[in-house]
Amino acid sequence: VQLQASGGGLVQAGASLRLSCAASGRSFSNYAMTWFRQAPGKEREFVAVISWNGPHTDYADSVKGRFTISKDTAKNTMFLQMNSLKPEDTAVYYCALRPTLSRDSYYFTAVSEYNYWGQGTLVTVSS
């Protein structure tokens, strides 16, 4: 599986950005796709997850109400709409994928639980 993340950039606080993650290669019956981020000097952290063949999504508390994760199954692409960006959202954003046992098995938030990773896209929010 290959994951290609894009859409990062430099924006001012309060602005919006939309990240994309295109998946290609091997396919699975069920899987979860997730956004993580890693700020300078900090550990990689969970941002949002979506079940690919089900209706489920979930978010880190720090982004709830501001970020929205979505998918286009026809294009094998996941998105992260980020609104009301804050300087503390500055990080490299990574997309990740892991196969799951069912469409309802999706809530995986640990870095170690993911098999496949994209290369990351940098988001910088200035104050």
Spacing of [atom1] belonging to [X] relative to [atom2] belonging to [Y], to within rounding of 0.5 Å:
{"X": "S29", "Y": "R103", "atom1": "OG", "atom2": "CZ", "result": "13.0 Å"}
{"X": "R37", "Y": "E88", "atom1": "CZ", "atom2": "CD", "result": "8.0 Å"}
{"X": "Q4", "Y": "C95", "atom1": "CD", "atom2": "SG", "result": "8.0 Å"}
{"X": "T90", "Y": "L122", "atom1": "OG1", "atom2": "CG", "result": "8.0 Å"}
{"X": "Y116", "Y": "L3", "atom1": "OH", "atom2": "CG", "result": "9.5 Å"}
{"X": "S112", "Y": "R98", "atom1": "OG", "atom2": "CZ", "result": "9.0 Å"}

Check the hydrophobic clustering (I, L, V, M, F, W, Y; side-chain heavy atoms under 4.5 Å; chains of links allowed) and say if [X] and [Y] are grouped together.
{"X": "L17", "Y": "F67", "value": "yes"}
{"X": "I50", "Y": "Y31", "value": "yes"}
{"X": "M33", "Y": "Y106", "value": "no"}

### Query
Between Y94 and W117, how do the two ring planes meet: parallel, tilted or perpendicular, split at 30° and 60°?
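Rings of Y94 and W117: perpendicular, over 60°.
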### Query
Thinking salt bridges, do K64 and D61 make one under a 4.0 Å N-O criterion?
yes
State, with a plain yes or no, whether a side-chain heavy atom of [X] is found less than 4.5 Å away from one of [Y].
{"X": "T57", "Y": "V49", "result": "no"}
{"X": "R18", "Y": "M82", "result": "no"}
{"X": "H56", "Y": "D104", "result": "yes"}

Identify the heavy atoms of [X] and [Y] that sit nearest to each other, and give their distance.
{"X": "K86", "Y": "V125", "answer": "O-CB, 3.3 Å"}
{"X": "A39", "Y": "A91", "answer": "N-CB, 3.7 Å"}
{"X": "Y59", "Y": "A48", "answer": "CD2-CB, 3.6 Å"}
{"X": "S16", "Y": "N83", "answer": "OG-OD1, 2.9 Å"}
{"X": "W52", "Y": "T77", "answer": "CH2-O, 3.4 Å"}

When you compare the side chains of [X] and [Y], does any donor N or O come within less than 3.5 Å of an acceptor on the partner?
{"X": "Y93", "Y": "W35", "answer": "no"}
{"X": "T34", "Y": "Y114", "answer": "yes"}
{"X": "N30", "Y": "S102", "answer": "no"}

Could you tell me whether a side-chain N or O of [X] sits under 3.5 Å from a main-chain N or O of [Y], the two making a donor and an acceptor?
{"X": "Q119", "Y": "A5", "answer": "yes"}
{"X": "K75", "Y": "A23", "answer": "no"}
{"X": "T100", "Y": "S105", "answer": "yes"}
{"X": "R66", "Y": "S84", "answer": "yes"}

### Task
Going by the side chain to side chain contact (heavy atoms under 4.5 Å, CB included) test, name the single residue among L85, D89, T124 that passes it with V11.
L85
